[in-house]
J.: 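For reference, the structure I am asking about is given below.
For the numbers below, each heavy atom of this structure counts, side chains included, while hydrogens, waters and symmetry mates do not.
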Amino acid sequence: MKHILKSTGRIALCSVMMLWATGCNDFLDETDPSNFTKENYFTKPAHAESAVNSIYDALKSTTGGGFGGAPWMMLEFATGLANTELGQAQNSIFVRNLVNNSDNGYGVTYWQSAYRGIGNANLAIEKIPGITMDETAKAKFMGQAHFLRAWYYYNLVRIFGKVPLITTSIELTSEALYPEQAEVEAIYNQIVADLKAAEASGLPWTDKTGRVNMAAVKSVLADVYLTMAGYPLQKGAEYYKNAADKAKEVIDSKQYSLFTSYNDLHDPAKKNIGENIFMVQFAAFLQPSGWQSSIIPYNQGISAYSDETGAIFANKEFVESYETGDKRVKEKEFYYKTYTLSSDRSKTVDLGGYYIYKHFDTAAHLTTTSSDLNWSLIRYADVLLIFAEASNEAQGPNEAAYEAVNLVRKRAELAPLTGLNQQTFRTAVMKERIYELSFENRTWFDMVRWRKAFNVNTKQFEDYVGHKFSYGPVIKERELLFPIPTSEIRNNKKLTQNKGY
């Protein structure tokens, strides 16, 4: 971990402006006394803002694409519901075939980017209170820092299980430079504490600039409680109620609503509004998003992009398991099977598979080759389904739970759910989560906390461990977690590798 943590003393000194551009130059390591250090930097309100901006930066690291695939795909291939045409993307293929190992670069990116964000957050949380500035603004910056630290730890604990729990800045000379792994429950307790701190910080319900807002805080807290209620902690009814209560606060705020059209999910004009509660921020020609070349078929000539990688698309069996009449699987809603040729837009070709349309930037593919799309981390449909699931678990099917899940189904042009018992309602909501939140880095997390996987042939859920993917591999117990990167095990002898790797 040395190479991850050694920069935390200077990392917040990058003045990252509104779009949170990446990187600090090596000149910050020079001895010139005019350079900023953490000892002389945190003196002005602008320093608080740039320090918090630097925490956001790590959100971008796991998105992207290209001929090597991208880390976000790791969580999709692990579900058994995704396919690839990109033979050289070994990191993807290892995960998809359930032969993953600790050398996988995707896992390294998740680990290192999260700890980079945590390091920045720790420094901001320590230093911002000492800056003389407007106290209301200070509280909001602190709220953002606490939320983002919680977000990074929430990903780490779900992906890797026991990880080091670091809540103070660390120097090369610190005794805690090589920390031990914390218990999973202790990590979740810290996540909850950070989210509660953010909840008390006076953040606005919405923020069109893309910064952390109150709805994001309460939505993630609801999601955390829901996960704590299930596996691995199994805290049960109390935490299901907590999850339902927090999700209901977002619903009752009436600040968010479902888009009327699925096209709005990938419309750059709808960033940070409507259904989009919290997103990773990108901007065409300045800091464009990078996954477009990955979600188009391999070299079929449909895009203005020169690279067409076919890095990830949906398994045919999964898409065809959707309920008959579901609008989400109609052409160019969530998926697409046809597109026009770049060389002649009057000609349409059958692409031979179900490619992902909900992340598709039309303007970028047709003309600009620079995508203006944000990556959605939390959207309102997820909150509705969190509430429906948690409310049913806490008290059985009820009017509010039906209303929440049926809003999602209504947009999909499906009949409302009625007359279900607790078990059948549970299964129905699980299916809605699988179908509605596909390819948004939700499904694997859901399967692991449920300990259930979706069988696309029977359209039923079965035990996660022992579940056979439609193309052959069988999930083993080790797939409840990903392996801790080899480089981290080598750097920190106190780390123990996850079982089975």
J.: Evaluate E199 against K196 for salt bridge (Lys or Arg N to Asp or Glu O under 4.0 Å), listing each step before the verdict.
T.: CA-CA 5 Å; E199 194 176 27; K196 287 184 175 179; over 6 Å; no

J.: Does any non-hydrogen side-chain atom of Y154 lie less than 4.5 Å from one of T227?
T.: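 Yes - at least one pair of side-chain heavy atoms lies under 4.5 Å apart.
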
J.: Can you tell me if NZ on K431 sees more than 12 non-hydrogen neighbours from other groups inside 6.0 Å?
T.: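 Atom NZ in K431 is packed in, count exceeds 12.
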
J.: Whether the S391 and N398 side chains hold a donor-acceptor pair (N or O, under 3.5 Å, no angle test) is what I'd like checked.
T.: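 There is such a pair between these side chains.
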
J.: Taking the side chain as every heavy atom from C-beta outward, state whether T362 and H365 have any atom pair closer than 4.5 Å.
T.: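 No, side chains not in contact.
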
J.: Between G66 and A311, what is the shortest heavy-atom contact and its length?
T.: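 That closest heavy-atom pairing would be O-CB, 4.4 Å.
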
J.: Between T79 (side chain only) and L75 (backbone N and O only), is there a donor and an acceptor less than 3.5 Å apart?
T.: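 A pair under 3.5 Å: no.
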
J.: Taking the side chain as C-beta and beyond, is there a heavy-atom pair between L351 and K337 under 4.5 Å?
T.: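 L351 does not reach K337 side chain to side chain.
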
J.: How far apart are the closest heavy atoms of D264 and K270, and which atoms are they?
T.: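 Residues D264 and K270, closest heavy atoms: OD1-NZ, 3.0 Å.
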
J.: Going by the ring pair (Phe, Tyr, Trp, His ring centres under 6.0 Å) test, name the single residue among Y110, F77, W444, W375 that passes it with W72.
T.: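 Running ring pair (Phe, Tyr, Trp, His ring centres under 6.0 Å) over Y110, F77, W444, W375 with W72 returns exactly one hit, W375.
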
J.: Run through T206, I273, V250 and flag the one making a side-chain contact (heavy atoms from CB on, under 4.5 Å) with Q255.
T.: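 In the set T206, I273, V250, the residue that makes a side-chain contact (heavy atoms from CB on, under 4.5 Å) with Q255 is T206.
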
J.: Judged by atom type as modelled, is there a donor-acceptor pair below 3.5 Å linking the side chain of E308 to the main-chain atoms of G301?
T.: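 Checked: pair present.
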
J.: Quick one, T62 with N441, criterion side-chain contact (heavy atoms from CB on, under 4.5 Å). Give me CA distance, side-chain angles, the key distance, then yes/no.
T.: CA-CA 11 Å; T62 54; N441 284 178; 5.8 Å; no

J.: A side-chain contact here means heavy atoms from C-beta on lying under 4.5 Å apart; do F469 and R96 qualify?
T.: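 They are not in side-chain contact.
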
J.: Will you find, in the side chains of R116 and S61, an N or O donor that is under 3.5 Å from an N or O acceptor?
T.: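 There is such a pair between these side chains.
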
J.: With side-chain contact (heavy atoms from CB on, under 4.5 Å) as the criterion, how do R149 and T167 come out once you've worked through the C-alpha distance, each side chain's angles and the decisive distance to 0.1 Å?
T.: CA-CA 9 Å; R149 183 168 71 179; T167 57; 3.7 Å; yes

J.: With no hydrogens and no angle check, do the side chains of N272 and Q281 hold a donor and an acceptor under 3.5 Å apart?
T.: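 There is such a pair between these side chains.
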
J.: Should the heavy atoms of other residues, nucleotides or ligands under 6.0 Å from CZ of F67 be counted, would the total exceed 12?
T.: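 Enclosed: over 12 neighbouring heavy atoms sit under 6.0 Å from CZ of F67.
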
J.: Without swapping roles, check the side chain of K138 against the backbone of P129 for a donor-acceptor pair under 3.5 Å.
T.: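 Pair found, side chain donor or acceptor close to backbone of P129.
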
J.: Are Y357 and Y335 an aromatic pair, judged by ring center distance below 6.0 Å?
T.: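 No, they do not, as the ring centres are separated by 6.0 Å or more.
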
J.: Salt bridge (Lys or Arg N to Asp or Glu O under 4.0 Å), that's the test. Do E249 and K246 meet it? Break it down for me.
T.: CA-CA 5 Å; E249 288 181 42; K246 285 301 168 187; 3.2 Å; yes

J.: Specify the closest pair of heavy atoms between I295 and Y336, including all atoms of both residues, with the distance to one decimal.
T.: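 The pair with the smallest heavy-atom distance is O-OH, 2.9 Å.
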
J.: Do the side chains of F259 and N276 get nearer than 4.5 Å, heavy atoms only?
T.: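 Sidechains of F259 and N276: in contact.
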
J.: Within this structure, what is the OH-CG distance for the pair Y239 and L226, rounded to the nearest 0.5 Å?
T.: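 Atom-to-atom, Y239:OH and L226:CG are 13.0 Å apart.
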
J.: Is there a side-chain contact between V448 and R158 in this structure, where contact means two heavy atoms from C-beta onward sitting under 4.5 Å apart?
T.: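 Sidechains of R158 and V448: no contact.
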
J.: Indicate whether any N or O donor in one side chain lies under 3.5 Å from an N or O acceptor in the other, for Y354 and E320.
T.: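 Present: a donor and an acceptor within the cut-off.
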
J.: Do D446 and T443 have side-chain atoms, one donor and one acceptor, less than 3.5 Å apart?
T.: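 T443 and D446 do not have a side-chain donor-acceptor pair below 3.5 Å.
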
J.: Answer yes or no: are there more than 12 heavy-atom neighbours, outside E403 itself, under 6.0 Å from its atom CD?
T.: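 No, not enclosed.
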
J.: Can you spot which of R411, K327, K358, R409 makes a salt bridge (charged side-chain N to carboxylate O under 4.0 Å, His left out) with E436?
T.: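 Answer after filtering R411, K327, K358, R409: R411.
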
J.: Would you confirm whether D207, through its side chain, and V212, through its main-chain N or O, come within 3.5 Å as a donor-acceptor pair?
T.: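 Looks like no, no N/O pair under 3.5 Å.
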
J.: Please confirm whether the backbone N or O of F439 pairs with a side-chain atom of H359, one donor and one acceptor, at under 3.5 Å?
T.: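 The answer is yes, because a donor-acceptor pair under 3.5 Å joins these two groups.
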
J.: Can you tell which of Y305, Y339, Y355 makes a ring pair (Phe, Tyr, Trp, His ring centres under 6.0 Å) with F360?
T.: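 The single option meeting the ring pair (Phe, Tyr, Trp, His ring centres under 6.0 Å) with F360 is Y339.
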
J.: Per the side-chain contact (heavy atoms from CB on, under 4.5 Å) rule, which among N392, L420, L407 passes with Y402?
T.: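 Only one of N392, L420, L407 forms a side-chain contact (heavy atoms from CB on, under 4.5 Å) with Y402, namely L420.
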
J.: D361 and S371: which non-hydrogen atoms are nearest, and at how many Å?
T.: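 Scanning both residues, the minimum pair turns out to be OD2-OG, 2.8 Å.
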
J.: What's the separation between atom OH in Y322 and atom NZ in K330, rounded to the nearest 0.5 Å?
T.: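 Rounded to the nearest 0.5 Å, the OH-NZ separation comes out at 14.0 Å.
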
J.: Say you draw a straight line from NZ of K271 to CE of M279; how long is it, rounded to the nearest 0.5 Å?
T.: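 Here the interatomic distance stands at 8.0 Å.
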
J.: How close do V429 and V405 get, counting heavy atoms only, and between which atoms?
T.: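 Scanning both residues completely, I find the closest heavy atoms to be CG2-CG2, 4.2 Å.
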
J.: Compare all side-chain heavy atoms of F445 with those of D223 and state whether any distance is below 4.5 angstrom.
T.: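 F445 does not reach D223 side chain to side chain.
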
J.: Where does the angle between the aromatic ring planes of Y380 and Y256 fall among parallel (under 30°), tilted (30 to 60°) and perpendicular (over 60°)?
T.: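 Ring orientation of Y380 relative to Y256: parallel.
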
J.: I need the minimum non-hydrogen distance between A48 and F141, along with the two atoms involved.
T.: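 It is CB-CD1, 4.0 Å.
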
J.: For Y262 and F334, take the angle between the two ring planes, folded into 0 to 90°, and tell me which bin it lands in: parallel under 30, tilted 30 to 60, perpendicular over 60.
T.: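 Correct class here is perpendicular.
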
J.: Which is it for E333 and V329 under the side-chain contact (heavy atoms from CB on, under 4.5 Å) test, yes or no, and what are the steps along the way?
T.: CA-CA 6 Å; E333 297 294 347; V329 290; over 6 Å; no

J.: Tell me, please, which residues at least two apart from E393 pass side chain to side chain donor-acceptor pair (under 3.5 Å).
T.: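 With sequence neighbours excluded, E393 shows a side chain to side chain donor-acceptor pair (under 3.5 Å) to R426, given in chain and number order.
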
J.: Between Y435 and S321, do the side chains contain a donor N or O and an acceptor N or O under 3.5 Å apart?
T.: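 Yes, a side-chain donor-acceptor pair sits under 3.5 Å.
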
J.: Could you go through the side chain to side chain donor-acceptor pair (under 3.5 Å) check for Y56 and Q144 one step at a time?
T.: CA-CA 9 Å; Y56 286 90; Q144 293 173 62; 2.5 Å; yes

J.: Under 30°, 30 to 60°, or over 60°: which ring-plane class applies to F147 and W151, parallel, tilted or perpendicular?
T.: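 Parallel.
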
J.: How long is the gap from CE on M214 to CD1 on I277, to the nearest 0.5 Å?
T.: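 Reported value, rounded in 0.5 Å steps: 13.0 Å.
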
J.: Within the side chain of H146, is there an N or O that forms a donor-acceptor pair under 3.5 Å with the backbone of G143?
T.: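 Pair absent, no side-chain N/O of H146 close to backbone of G143.
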
J.: Is it the case that the side chains of Y106 and S92 hold a donor-acceptor pair, with the cut-off being a distance below 3.5 Å and no angle test?
T.: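 The answer is yes; a qualifying pair exists.
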
J.: Are K332 and T338 linked by a side-chain donor-acceptor pair shorter than 3.5 Å?
T.: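 Yes, because at least one side-chain N or O of K332 sits under 3.5 Å from a partner of the opposite role on T338.
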
J.: Looking at CE of M74 and CD1 of I312, how far apart are the two atoms once the value is rounded to the nearest 0.5 Å?
T.: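 With rounding to 0.5 Å, CE (M74) is 12.0 Å from CD1 (I312).
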
J.: Are L258 and K410 close enough, and set up right, to give a side-chain contact (heavy atoms from CB on, under 4.5 Å), and what steps lead you there?
T.: CA-CA 10 Å; L258 296 180; K410 181 179 180 180; over 6 Å; no

J.: Atom CG of L221 and atom CG of D194: how far apart are they, to the nearest 0.5 Å?
T.: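 Reported value, rounded in 0.5 Å steps: 11.0 Å.
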
J.: Measure the shortest side-chain to side-chain distance between Y188 and K235 over non-hydrogen atoms and say whether it is less than 4.5 angstrom.
T.: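 A side-chain contact under 4.5 Å is absent here.
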
J.: Is there a donor-acceptor pair closer than 3.5 Å between any side-chain N or O of N315 and the backbone N or O of F318?
T.: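 Flag not set: sc N315 to bb F318 has no pair under 3.5 Å.
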
